[in-house]
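Working notes for the structure below.
Being a predicted model, the structure only gives us computed values, none of them experimental. Residue numbers count from 1 along this sequence. Start at 1 and go down the list; that is how both ligands and their atoms are numbered.
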Amino acid sequence: MQAPARPTTIAEPSAEEAGIRRGAIRVLLANWTGAYTVPSRRLYPHQWSWDSAFIAIGAARWSPRRARTELMTLFGGQWRDGRVPHIVFNPAVPEDAYFPGPAFWQATAPSGARTSGIVQPPVHALAAWRVHLADPDRAFLYRIYPRLEAQHRFLRTSRRMSGSELVSIVHPWESGMDNSPVWDAPLAKVPAPPMRERRRDLAHVAAGERPTDRDYARYTAIAAAYRDAGYTGRTGFVVEDPLFNALYGAAESALARIAAVVDADPAPHLRRAEEITQAMLERLWDPSGGIFRARDARTGEMLPEDSVAGLVPLILPGLPADVADRLVATAVARFGLKDGTLLPSYPPGGAAFEPARYWRGPSWLNTSWLVLEGLRAADPGLAHRLGAQMLRAVREAGFREYFNPFTGEGHGCGDFGWSAALALDVLADPALRAQYRLDRVPAPLGQLDQQRGGVVEGGDLGDQVLA
Ligand code: 9WN
């Protein structure tokens with residue numbers, strides 16, 4: 001009689017997976033300040049808004065306590081009007097470590113934290129919900145829900161600039177995809193007086209992998225004008241961005257789930273999520289291109305370039321199936337998303353494509369993760385392959401800030417927070433791991449056993465060390 005086959009379990013990490021996980025935790029430990037995680041010790045030595053949301057999503061797979069702290073610390077920098085600033089500065093870091101620093105922004109939150117005055121895509125409600133799913137904690141949701149609500153109230157009341165349900169960004173940095181070719185047209189209309197200040201980023205990363213001086217001069221000019229207007233109203237750059245609005249809609253949907261747990265009313269959130277999806281379809285969907293595009297809210301015109309931001313609405317609740325199918329087709333045909341490729345930030349066939357320059361072509365793990373989340377329903381097979389590619393990128397190049405989409409070569413800074421965190425999240429998903437394991441060689445048992453004693457299983461070991 002044949003012996004019964006041993007059940008195969010996908011919960012067992014392979015040596016390769018354990019190695020990636022250990023590396024990711026090492027980065028999160030190294031970048032942890034005691035209350036939050038810096039994106040990068042050298043290039044970005046403060047707390048960034050959407051970075052912290054992505055980092056919380058991944059950290060929840062390892063230390064949910066740390067993930068909750070990450071988000072609560074960020075909301076410690078929230079303004080009275082509800083806005084969550086894109087940077088909360090660390091007072092212990094010298095002014096000249098990052099430009100523009102606190103002296104430029106001249107902004108202080110009610111908590112006393114020095115902050116910037118612009119925002120970033122609102123991934124936070126989604127992050128809070130994922131943290132809760134990883135380790136249910138109603139007390140955490142009770143604390144964060146009013147803060148998330150205030151964040152959304154700010155967007156709703158101060159940033160609905162076209163009269164539709166969609167919100168506008170008033171600075172390219174608010175998109176999170178700072179120098180995407182999509183911004184070239186609206187930015188070209190902004191005067192670029194020569195910068196008096198010194199850029200700090202070029203001390204850490206090659207100039208060819210960062211925005212040009214001309215773009216930096218424009219970023220500085222727009223931010224200074226907004227600051228001088230008391231951080232209200234319009235700037236010379238007002239745009240409805242598909243990524244920002246898709247996350248706004250997805251976050252309203254997450255808020256509905258959170259509301260149900262904290263005895264609040266989910267209905268207004270559900271209604272708004274539907275209205276945002278509808279407004280996205282009416283204002284930003286380009287049926288001939290099969291992608292969502294940004295609209296210049298100053299001129300009312302659609303912007304000529306598109307980017308991976310136009311695929312992120314796959315994450316929107318209630319997106320019609322035919323629109324989702326078109327997006328998948330665009331991801332494959334124009335962004336080359338199929339076996340063996342990373343997801344570029346800008347289509348490789350586009351005139352502005354540069355494989356190694358910041359947001360003008362390279363692949364980033366956060367935008368890949370957002371598209372992956374959207375693909376789970378629309379095309380699970382493609383989602384799995386994208387997850388595998390994300391893991392391969394960090395295995396081969398390390399936790400770099402961005403990657404050449406063709407060669408996988410790493411660019412920007414190393415030990416980058418969300419690259420580590422989101423790899424942890426992908427690794428923790430049984431369906432994605434099942435796919436990833438197809439092309440690995442199983443590790444000898446002894447090797448697995450050795451790894452079990454390390455940081456991988458340590459979980460909150462790092463918490464104790466740092467406490
Ligand atoms: C400006 C921190 C941030 C990310 C952004 C990314 C980059 C800052 C910069 O780094 O922007 O906010 O100095 O270039 O574009 O998405 O949040 O990682």
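- H152 and Y248 have tilted rings, their planes meeting at an angle from 30° to 60° on a 0 to 90° scale.
- At the top of the distance list for atom 4 (C) of ligand 1, counting protein heavy atoms only, stands D51 OD1, 3.5 Å.
- Of the candidates W173, W48, Y358, Y358 brings a heavy atom nearest to atom 6 (C) of ligand 1.
- For R42, the CZ atom sits in a loose shell: 12 or fewer heavy atoms of surrounding residues, nucleotides or ligands are nearer than 6.0 Å.
- The ring of W105 has its center closer than 6.0 angstrom to the ring center of H86.
- The aromatic rings of F416 and W418 sit perpendicular to each other, their planes meeting at more than 60°, with 30° as the lower class boundary.
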Apply the test side chain to side chain donor-acceptor pair (under 3.5 Å) to residues T115 and W79: give CA-CA distance (whole Å), side-chain angles for both, the deciding distance (0.1 Å), then the verdict. CA-CA 9 Å; T115 71; W79 288 19; 2.9 Å; yes
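- The ligand atoms of ligand 1 that sit less than 4.0 angstrom from a heavy atom of W418 are 16 (O), 17 (O).
- Ring to ring, W173 and Y219 are close: their centroids are under 6.0 angstrom apart.
- Close N/O approach between E401 and ligand 1 is not found [any backbone or side-chain N/O within under 3.5 Å].
- In this structure, M177 does not count as a contact residue of ligand 1, since none of its heavy atoms falls inside 4.0 Å of the ligand.
- Looking at A223, A53, G176 and measuring to atom 16 (O) of ligand 1, the nearest heavy atom belongs to G176.
- Against a heavy-atom cut-off of under 4.0 Å, W359 is close to the following atoms of ligand 1: 6 (C), 15 (O), 16 (O).
- Each of the following atoms of ligand 1 lies closer than 4.0 Å to a heavy atom of Q120: 4 (C), 5 (C), 17 (O).
- Distances from ligand 1 to the non-hydrogen atoms of D201 include no value under 4.0 Å.
- In this model, a donor atom of one side chain and an acceptor atom of the other lie less than 3.5 Å apart for E240 and S162.
- Considering only non-hydrogen atoms, atom 1 (C) of ligand 1 lies nearest to Y98 out of F416, Y98, W50, Y219.
- Residue, atom and distance of the protein heavy atom nearest to atom 11 (O) of ligand 1 are D178 OD2, 2.8 Å.
- Near R210, meaning under 4.0 Å from any of its heavy atoms, are these atoms of ligand 1: 9 (C), 13 (O), 14 (O).
- A donor-acceptor contact closer than 3.5 angstrom links the side chains of E70 and T37.
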